[in-house]
Amino acid sequence: MIKTIYFEDNKVKYIDQTLLPGEYKLISCTDVKKLETAIKTLAIRGAPAIGVAGAYGIVLGALSYKGNSKDEFFHAIKEAENIKNARPTAVNLMWAVERMMGYFDSIKNKSIEQIKNELILEAERIRKEDAEINRKMGQYGHPLISTGDGVLTHCNAGALATSEYGTALGVIRAAVEAGKKIRVYSDETRPLLQGARLTTWELKQDGIPVTLICDNMAGISMRRGLIQKVIVGADRIAMNGDTANKIGTYQVAVLAKENNIPFYVAAPISTFDPKAKTGDGIPIEERDENEVTHIGGKRIATEGIDVFNPAFDVTPAKYISGIITEKGVLRPPYEKSIKDLYAI
Ligand code: MRU
């Protein structure tokens, strides 16, 4: 089983995803700034995984303080809170850091040692809950998949994007565990190739049949009858169901609708943002132009060319057939089903 990020011997251990599939390297980290850089550079990536990393960031901030002044200790924790700004779109990062800070507020009267220990326990709860939630989504989601289906996915919403098991790939894993014979189609996912590098790698580890396609091959794959379902993850879901996910997801959703193929999103409730009424309220990260002009460190584009490099796009709710959560599958109209979800 792939464990993407965990805490051991007072260190955060994570797989450096920038090196996959060529090299599998486990990094040990004791420095919150280094962890923040790992999130920014996508060594740790995927909405739930960066949420777990954010929670561990608060722990590392607390553990970095070795003295006995509570003021200074609190200051170290406050500084660590900046990790929530490492990337702007995946709301799980802010959600996890805010949960840690809320918990910290509730135990402030305890001793420094106790606070350190209890922050570790809370971060561990966040990691463990994420793993459990993914398995629950798998149970709710896999009945949507049938033997014989070709299932298209975009980016990597797998074990590598979570603490383990995955969201979209968790549903796929659950279908396979239930004995269904399926084939996954993985979009390569330019510019950073999470599909080609990560989704194919982790599915191959599990022996799940997977075919890699370039992003511009989704249309022909649908027209040829290779795809019966689309399932993707999410970085932030607005209260009307509009969903931000990896750049290119929107065009896959439009193609799916055109071809009468159900398009599903799998995401934990921590990915919903009660402050975003619609997708217009979701901040979209823009990244360095080198990611577009270069592949594997080699320039492929004309020198001096203008570049637009948004890392995410928003799929309007009208293209989404269902949103798989740990509490069940939400159906349109999402204003109502999401509201009901919060009432459960
Ligand atoms: O830029 P990334 O690789 O962090 O983007 C990841 C995605 O868009 C995933 O699909 C999303 O975070 C869901 S992960 C379960």
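Remember, it's a predicted structure, so these values are computed and weren't measured experimentally. In each ligand, atom 1 is the first atom listed, and ligand 1 is the first ligand listed. Heads up: numbering here begins at 1 and tracks the sequence.
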Next on the checklist: I need the minimum non-hydrogen distance between P283 and T89, along with the two atoms involved.
Outcome noted: O-OG1, 2.8 Å
Item to check | Between Y56 and E124: side-chain donor-acceptor atoms closer than 3.5 Å | outcome: yes
Checklist entry - Between R87 and ligand 1, does any nitrogen or oxygen pair lie at a separation below 3.5 Å? => result yes
Checklist entry - Can an N or O of G46 be found at a distance shorter than 3.5 Å from an N or O of ligand 1? => result yes
Item to check | Protein contact to atom 15 (C) of ligand 1 [nearest heavy atom, distance to 0.1 Å] | outcome: T167 OG1, 3.0 Å
Checklist entry - Are D235 and T271 close enough that some pair of their side-chain heavy atoms sits under 4.5 Å apart? => result no
Checklist entry - Considering only the protein, which heavy-atom contact is closest to atom 14 (S) of ligand 1, and what is its distance? => result A161 CB, 3.4 Å
Checklist entry - Will you find, in the side chains of Y103 and E118, an N or O donor that is under 3.5 Å from an N or O acceptor? => result yes
Next on the checklist: For ligand 1, which is the ligand I care about here, please tell me if G158 has any N or O atom under 3.5 Å from one of the ligand's N or O atoms.
Outcome noted: no
Checklist entry - N/O to N/O below 3.5 Å, does that happen between R45 and ligand 1? => result yes
Checklist entry - What do you reckon, does N245 have a nitrogen or oxygen under 3.5 Å from a nitrogen or oxygen of ligand 1? => result yes
Next on the checklist: Hydrophobic clusters here meaning ILVMFWY residues chained together by side-chain heavy-atom distances under 4.5 Å, can you tell me if L169 and V230 are in one?
Outcome noted: no
